[in-house]
Protein chains: 2
Amino acid sequence: MTEQPAAALRDQDFLRLDGQICFALGAANRAFGGLYRVVLKDLGLTYPQYLVMLVLWENGTTPVKELGRRLRLDSGTLSPLLKRLEAAGLIRRERSAQDERSVHAVLTDEGTALRERAVEVPRRIAAATGFELTEIRDLQVRLARLTAALDAAVPQD
Amino acid sequence: MTEQPAAALRDQDFLRLDGQICFALGAANRAFGGLYRVVLKDLGLTYPQYLVMLVLWENGTTPVKELGRRLRLDSGTLSPLLKRLEAAGLIRRERSAQDERSVHAVLTDEGTALRERAVEVPRRIAAATGFELTEIRDLQVRLARLTAALDAAVPQD
DNA sequence: AGCGATTGAGTTGTGCACAACTGAATTGTG
DNA sequence: CACAATTCAGTTGTGCACAACTCAATCGCT
């Protein structure tokens with residue numbers, strides 16, 4: 001009923017094949033989620049919260065805008081997440097004096113101290129993958145390339 | 001990023017490195033999400049709903065349990081999702097006569113007809129990745145291996 | 001200086017993911 | 001046969017992701 005692809009693959013093959021890369025991606029992503037859930041449990045953090053803390057531990061005080069840029073999250077996700085981190089006593093939110101629109105996330109002493117207990121997290125995760133570092137790197141590079149291609153294909157921003 | 005011998009990595013390097021594979025994974029996953037959102041928009045489906053439809057198109061009537069097994073989703077996710085598909089007129093839910101605990105998802109005529117319009121989806125997605133099929137396959141295999149390793153590391157089930 | 005456009009954070013609403021739970025149907029074991 | 005354990009779908013509650021919006025602060029242009 002429509003044009004046939006040049007390759008030997010037919011529509012129904014594509015429909016079966018299709019889910020697979022995204023599905024494999026989603027499955028891996030959720031498997032990581034499950035592992036992080038366990039590992040981060042006694043730090044009292046979720047995985048996205050942990051990512052925010054990573055940025056803060058590395059960078060110190062950071063504007064919400066910058067957190068969003070680094071983590072690819074928008075204010076609709078970050079605002080409530082930061083509120084929860086603040087409620088947990090790990091950060092404070094301070095309006096910038098220079099630009100009253102901007103809000104900075106600032107580590108509290110408690111938030112800073114949590115880093116000590118977080119250092120073991122990456123090792124536990126890495127151990128669970130059973131992958132060599134080089135292989136992880138390779139996967140990263142491919143995924144980054146894939147992401148860039150996909151982003152380019154969606155005309156947003 | 002800068003290359004570094006694996007042996008020389010310290011805690012803080014780990015803390016920086018750490019997010020990266022999962023982060024790359026999450027980024028790729030969300031990039032796919034964004035693309036699917038656009039492509040599936042005029043089918044009126046979300047990506048998880050599309051996955052359910054794929055299974056139904058391939059398999060016909062399928063118990064909720066089996067959908068969960070295939071898609072790695074639990075009833076907490078599937079129940080409301082299937083309700084929405086039913087509300088959209090694409091499926092019906094029918095309690096099994098053999099086992100009254102079990103519910104089968106059944107395609108309506110409308111749901112079956114939607115397949116015609118869905119066949120172009122995989123091509124559009126594949127085109128957006130710009131990846132060769134072999135490369136996609138390779139990535140799939142690696143991700144599946146990663147997922148299996150991670151699942152094995154989380155003592156659930 | 002005046003004022004429209006843009007920027008930044010936040011809110012609302014929808015949908016997914018998952019834990020913990022409920023309740024009904026079925027199965028297994030004594 | 002009885003009844004405890006299990007299975008299955010569904011519900012509730014929390015948190016993330018994102019679209020669409022609001023509102024105030026700032027910027028840019030004239």
Side-chain angles (χ1 to χ4, degrees), chain A residues 22-23 25-38 40-41 44-52 62-69 71-88 93-105 151 154 156-157, chain B residues 22-23 26-38 40-41 44-52 62-69 71-88 91 93-105 151 154 156-157:
Chain A
C22 342
F23 186 68
L25 209 53
N29 201 39
R30 281 184 283 137
F32 260 120
L35 183 56
Y36 271 106
R37 210 186 319 284
V38 172
L40 292 175
K41 193 169 187 177
L45 294 175
T46 65
Y47 175 60
Q49 288 167 9
Y50 170 70
L51 290 183
V52 168
T62 307
V64 172
K65 174 75 198 265
E66 171 70 5
L67 287 173
R69 196 189 58 75
L71 303 175
R72 286 168 158 268
L73 296 174
D74 71 358
S75 65
T77 301
L78 277 175
S79 285
L81 188 157
L82 293 175
K83 260 189 198 173
R84 284 185 284 271
L85 285 179
E86 187 169 43
R93 288 180 300 159
E94 294 181 352
R95 231 157 240 292
S96 165
Q98 286 74 38
D99 185 343
E100 296 268 338
R101 291 171 304 181
S102 181
V103 170
H104 298 301
D151 278 349
V154 182
Q156 86 277 40
D157 297 313
Chain B
C22 341
F23 186 69
N29 201 38
R30 282 184 282 136
F32 261 119
L35 183 56
Y36 270 106
R37 210 186 321 282
V38 172
L40 292 175
K41 193 170 188 178
L45 294 175
T46 65
Y47 174 61
Q49 289 167 8
Y50 170 70
L51 290 182
V52 168
T62 307
V64 172
K65 173 75 197 262
E66 172 70 5
L67 286 173
R69 196 189 59 75
L71 303 175
R72 286 167 160 270
L73 295 173
D74 71 358
S75 65
T77 301
L78 276 175
S79 285
L81 189 157
L82 293 175
K83 260 189 199 172
R84 284 186 284 270
L85 285 179
E86 187 169 43
I91 69 167
R93 287 180 300 159
E94 294 181 352
R95 230 157 238 292
S96 164
Q98 287 74 39
D99 186 342
E100 297 268 338
R101 290 171 305 181
S102 180
V103 170
H104 297 302
D151 278 349
V154 182
Q156 88 266 47
D157 300 308

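When reading the values below, keep in mind they use all heavy atoms of this one structure, side chains included, and skip hydrogens, waters and symmetry mates.
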>> For B/P80 and B/R37, find the nucleotide of DNA chain D closest to each by heavy atoms; which residue's nucleotide sits nearer the 5' end?
In response: B/P80

> Below 4.0 angstrom, N of the basic side chain to O of the carboxylate: do B/K83 and B/E86 qualify?
Replying inline: no

> Can you find a side chain N or O atom of A/R93 that sits less than 4.0 Å from OP1 or OP2 on C/dG10?
Replying inline: yes

>> Output the rounded distance in Å from CG (A/L81) to P (C/dT11).
In response: 14 Å

>> Do B/V52 and B/T62 make a side-chain contact, defined as non-hydrogen atoms from C-beta onward lying under 4.5 Å apart?
In response: no

>> Need one value for B/K83: base, sugar-phosphate or nothing, where a base atom within 4.0 Å counts as base even if backbone is also close, heavy atoms only.
In response: sugar-phosphate

>> Let me spell it out: for each of A/A31 and B/A97, pick the nucleotide of DNA chain C with the closest heavy atom. Which residue's pick is nearer the 5' end?
In response: A/A31

> For the pair made of NE2 in A/H104 and C1' in D/dA25, what is the distance, rounded to whole Å?
Replying inline: 14 Å

> Within the structure shown, what part of the strands sits under 4.0 Å from A/E66 by heavy-atom distance: base, sugar-phosphate, or nothing?
Replying inline: nothing

> Just how far is it from atom OG of A/S79 to atom CG of A/D74, taken to the nearest 0.5 Å?
Replying inline: 8.5 Å

>> How many whole angstroms separate atom CZ of A/R69 from atom P of C/dT7?
In response: 16 Å

> Which residue, A/T77 or A/D99, contacts DNA chain C at a nucleotide closer to its 5' end, judged by nearest heavy atom?
Replying inline: A/D99

>> So if I take every side-chain heavy atom of B/D74 and compare against D/dC18, D/dG10, C/dC18, which nucleotide ends up nearest?
In response: C/dC18

> Could you state the CZ-C1' distance from A/R101 to D/dA25, rounded to the nearest angstrom?
Replying inline: 5 Å

> Across the strands shown, which category fits A/L78 at heavy-atom distances under 4.0 angstrom: base, sugar-phosphate, nothing?
Replying inline: nothing

> Atom CG of B/L45 and atom C1' of C/dT14: how far apart are they, to the nearest Å?
Replying inline: 15 Å

>> Tell me if a side-chain donor or acceptor on B/R37 pairs with a main-chain N or O of B/T46 at a distance below 3.5 Å.
In response: no

>> Tell me the interatomic distance from A/Q98, atom CD, to D/dC27, atom P, rounded to whole angstroms.
In response: 11 Å

> Is B/R95 near enough to D/dA9 that one of its side-chain N or O atoms lies under 4.0 angstrom from OP1 or OP2?
Replying inline: no

> Quick one: is C/dA25 close enough that its OP1 or OP2 comes under 4.0 Å of any side-chain N or O from B/S102?
Replying inline: no

> Starting at CG of B/L35 and ending at C1' of D/dC18, how long is that distance when rounded to a whole Å?
Replying inline: 15 Å

> Which nucleotide sits closest to the side chain of A/L73: C/dA25, D/dA17, C/dT6?
Replying inline: D/dA17

>> Taking donor-acceptor contacts at under 3.5 Å, does the side chain of B/S75 reach the base of D/dG10?
In response: yes

> Is any side-chain heavy atom of B/L82 closer than 4.5 Å to a side-chain heavy atom of B/V103?
Replying inline: no

> Which part of the nucleic acid does B/T46 contact within heavy-atom distance under 4.0 Å: base, sugar-phosphate only, or nothing?
Replying inline: sugar-phosphate

> Once you round it to whole Å, what is the distance between P of D/dA17 and CD of A/Q49?
Replying inline: 10 Å

> When B/R30 is tested against each of A/D151, A/N29, A/L73 for side chain to side chain contact (heavy atoms under 4.5 Å, CB included), which residue passes?
Replying inline: A/L73

